[in-house]
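For reference, the structure is listed below as structure tokens.
Chain letters run A, B, ... following the sequence lines, proteins first and then strands; every chain starts at 1.
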There are 2 protein chains.
Amino acid sequence: MNKNIRIADVARAAGVSTATVSRTLSNPAVVGIETRARVMAAVEATGYRVNTAARDLRQRRARSILVLAPNLANTFFGRIIATIQEVAGSAGLSVQVSDSRAEAGRIEALGHDGRADGIILLDGSLAPEILARWRLPVIELCEWNTRATLPGLAIDNAAAARLAVDHLADLGHRRVLHIAGPEGNVLAVTRRDGFLTSAAQRGVAASIAAGDFTMASGARAARDWVSRPDRPSAVFAASDECAFGFIAECHRMGISVPDDVSVVGFDDVDFADHYIPALTTIHQPRVRLGRFAAQRLIAALTEHRPLAPGRELIDAHLVVRHSTAPLQG
Amino acid sequence: MNKNIRIADVARAAGVSTATVSRTLSNPAVVGIETRARVMAAVEATGYRVNTAARDLRQRRARSILVLAPNLANTFFGRIIATIQEVAGSAGLSVQVSDSRAEAGRIEALGHDGRADGIILLDGSLAPEILARWRLPVIELCEWNTRATLPGLAIDNAAAARLAVDHLADLGHRRVLHIAGPEGNVLAVTRRDGFLTSAAQRGVAASIAAGDFTMASGARAARDWVSRPDRPSAVFAASDECAFGFIAECHRMGISVPDDVSVVGFDDVDFADHYIPALTTIHQPRVRLGRFAAQRLIAALTEHRPLAPGRELIDAHLVVRHSTAPLQG
DNA sequence: AGGTGCGATGTAATCGATTACACGACGTCG
DNA sequence: CGACGTCGTGTAATCGATTACATCGCACCT
């Protein structure tokens with residue numbers, strides 16, 4: 001506010017030059033042992049803190065990474081962001097967050113204003129032209145635009161869909177409904193296609209209901225489903241929230257899960273284990289995803305080299321709980 | 001990366017001085033109309049972007065606010081952070097997030113490193129000495145340390161507890177259990193005290209179970225509760241998650257909510273409406289909380305004046321759903 | 001003795017935008 | 001006609017830390 005202690009003040013207090021103070025703080029090894037002590041004492045006495053704007057300007061970097069997600073309020077991103085923050089924090093980087101939907105008009109600037117050294121992108125729906133114009137390292141996490149070719153990290157969604165289908169088929173279900181995610185969303189498409197392929201291979205009759213990952217869309221799908229003459233006996237929802245919506249609506253309609261219909265979710269959010277019934281779902285290792293992405297980006301930044309290109313898929317697994325059961329007679 | 005387009009490059013391209021370029025960008029009104037056009041064209045042609053580090057250094061501000069929460073992965077903070085980001089974004093400020101637990105050792109520096117102009121603090125458990133040393137505007141949101149006296153904003157937790165008690169008493173319940181939040185947490189204490197006071201006034205027999213807001217603690221409380229000889233017929237949980245844990249455990253034990261026991265939660269997280277049964281709970285207006293806090297902080301920053309002191313309480317209300325019912329004969 | 005090398009420190013340029021101050025041109029008014 | 005205000009623009013100081021380069025002293029070697 002009032003007192004702005006500069007490095008020059010510390011230098012004066014310690015009777016050395018500003019260069020020596022700077023070196024003491026950032027590279028103590030090169031400074032004489034007793035000078036070092038004198039400087040540290042002066043730093044202590046003055047209460048000096050580096051001015052990061054000045055340092056950032058001189059060093060041409062921001063010591064900050066940006067996490068860009070389509071909807072910050074979404075439960076799913078919470079833990080990922082928390083993990084990224086943890087990794088970044090211990091590397092001395094700060095984390096800024098932005099909502100790629102709310103900030104749609106400002107997106108382009110985010111990669112150009114120099115406030116961030118790198119970006120972790122959790123939104124696969126951004127225009128590739130914008131991404132291409134960014135001049136900083138970007139890593140796509142969980143989803144990506146198939147037209148772009150940035151480094152990325154995600155789970156193998158097709159394989160995950162297969163796990164769900166196999167589980168339901170093993171339980172004896174012959175007709176399975178998939179409540180899909182929004183058209184155009186890469187995750188939604190990959191899961192749906194994985195579902196259709198696996199269902200065909202297992203000889204399971206597959207049908208698709210429109211959805212958008214939300215509970216509301218799950219509830220809607222339930223109302224449609226219930227009025228079908230040939231109701232599938234099992235449902236694979238593209239997200240846990242969607243599954244919750246479906247189950248809640250079934251409950252309201254007096255239909256029992258898993259007695260009357262089996263339901264598999266996707267994500268394994270924290271609530272899944274405590275829902276009623278506890279939800280059988282695909283577990284996404286969100287901590288690993290967040291950690292890997294952050295580490296990969298930060299390593300590139302600190303080693304001052306570009307991100308290694310290439311997309312990496314990691315395995316998800318199925319967590320069997322109580323929302324699925326063998327097909328009734 | 002390679003090309004660093006500086007304001008000087010734009011100036012050269014437009015045949016004016018750097019001062020004129022700067023003025024055109026930040027205060028167009030003072031620049032001649034045709035000069036302005038020439039500069040804008042040059043900006044366009046060169047693809048110039050301001051270097052925020054340089055601007056921040058010169059203007060002694062960061063155009064950024066920091067949101068500090070005890071657990072970024074917590075569902076409850078998601079929407080608040082999203083709202084803050086939205087408000088800040090449209091004011092041209094960026095939002096950085098940090099976890100006050102994971103970053104415990106670095107907290108003090110966050111208020112001193114000049115990366116943020118102000119802080120929104122969602123953690124009431126920080127040492128007041130640290131807060132006192134920060135030299136930037138801080139607003140406490142949702143909870144605060146009673147020993148500190150920073151500007152703050154929260155719902156009236158005691159009044160909210162009264163709403164819950166009144167509701168249960170009106171339904172005929174004479175014995176109510178409160179599953180409290182962690183000792184030492186201001187929210188937990190205020191809610192518990194509010195509960196005890198209201199219960200006494202309504203002539204309701206009150207008892208308290210230990211908890212810590214988590215689903216696990218709710219489940220634990222359910223197991224304790226079930227073995228009591230004089231089971232209370234209603235439960236008021238200090239958080240929705242805790243209520244979910246309680247209900248899920250009841251379900252596992254074959255006890256029905258609300259037939260055998262009524263449950264009221266606290267927060268009204270997104271899932272509350274879709275739980276089975278849909279949860280009767282205290283609605284916290286998270287969007288309003290986030291928006292008000294952000295607006296109050298940002299107004300102070302842009303008008304270049306200190307935050308008005310004082311704590312503000314806003315009303316929460318009760319949302320009656322299906323987890324509560326009249327006491328059975 | 002003189003040269004070489006190394007370790008410790010200082011001097012000053014640099015990062016890039018903002019802005020106080022100065023200046024010139026032009027119009028208005030007494 | 002000269003004083004004065006206004007408008008538009010340029011010059012250069014400034015924000016504060018980092019760091020390339022220069023300097024100095026001392027030890028060690030031939």
(message) What contact category does A:V16 fall into here, base, sugar-phosphate, or nothing, at under 4.0 angstrom with non-hydrogen atoms?
(response) sugar-phosphate

(request) Report yes if at least one side-chain N or O of B:Y48 is closer than 4.0 Å to OP1 or OP2 of C:dG16; otherwise report no. (result) no

(message) Is there, by distance only and without an angle test, a donor paired with an acceptor across the side chain of A:R55 and the base of D:dT18 below 3.5 Å?
(response) no

(request) Would you check if there is a donor-acceptor pair between the side chains of A:S64 and B:Q96 at a distance under 3.5 Å? (result) no

(request) Rounded to the nearest angstrom, tell me the gap between atom CG in A:N27 and atom P in D:dA20. (result) 12 Å

(request) Starting from P on C:dG16, measure out to NE2 on A:H112 and report it in whole angstrom. (result) 17 Å

(request) For B:A29 and for B:A54, locate the closest nucleotide of DNA chain D by heavy-atom distance; then report the residue assigned to the nucleotide nearer the 5' terminus. (result) B:A29

(message) From CZ of A:R38 over to P of C:dA8, roughly how many Å is that when rounded to an integer?
(response) 14 Å

(message) Looking at A:E86 and A:R291, is there a salt bridge between them, counting it only when a charged N and a carboxylate O are closer than 4.0 Å?
(response) no

(message) Using salt bridge (Lys or Arg N to Asp or Glu O under 4.0 Å), reason through B:D267 and B:R286 one step at a time and then give a plain yes or no.
(response) CA-CA 9 Å; B:D267 281 347; B:R286 295 182 284 162; over 6 Å; no

(message) Using heavy-atom distances to pick each residue's nearest nucleotide on DNA chain D, tell me which of A:S22 and B:I33 is more 5'.
(response) B:I33

(request) Could you walk me through whether B:S100 and B:D123 pass side-chain hydrogen bond (donor to acceptor under 3.5 Å, both in side chains), step by step? (result) CA-CA 7 Å; B:S100 52; B:D123 184 343; 2.6 Å; yes

(message) Quick check: on DNA chain C, is the nucleotide nearest B:L25 upstream (toward 5') of the one nearest A:R58, or the reverse? Name the residue that is more 5'.
(response) A:R58

(request) Mind calculating the distance between CZ (B:R61) and P (C:dA17) to the nearest angstrom? (result) 16 Å

(request) Specify the separation, in whole Å, of atom CZ of B:R36 and atom C1' of D:dT9. (result) 14 Å

(request) Provide, to the nearest angstrom, the distance between the CG atom belonging to B:D9 and the P atom belonging to C:dA17. (result) 8 Å

(message) In this structure, how many angstroms lie between the C1' atom of C:dA17 and the CZ atom of B:R60, rounded?
(response) 15 Å

(request) Tell me which of A:G32 and B:A19 sits closer to the 5' end of DNA chain C, going by the nucleotide each one is nearest to. (result) A:G32

(request) Flag yes if more than 12 heavy atoms outside B:E44 fall under 6.0 Å of its CD atom; otherwise flag no. (result) no

(request) Using a 4.0 Å heavy-atom cut-off across all strands, classify B:V31 as base, sugar-phosphate, or nothing. (result) sugar-phosphate

(message) Checking contacts here: which listed nucleotide (D:dT9, C:dG10, D:dT18) is nearest the side-chain heavy atoms of B:T20?
(response) D:dT9

(request) Classify the side chain of A:R23 and the base of C:dG10 as holding, or not holding, a donor-acceptor pair under 3.5 Å. (result) yes

(request) Specify the separation, in whole Å, of atom CG of A:L57 and atom P of D:dT18. (result) 11 Å

(request) From the options D:dT19, C:dT9, C:dT19, select the nucleotide whose nearest atom is closest to the side chain of A:T35. (result) C:dT9

(request) Could you tell me whether the phosphate oxygens of C:dT14, OP1 or OP2, come under 4.0 Å of any side-chain nitrogen or oxygen in A:Q59? (result) no

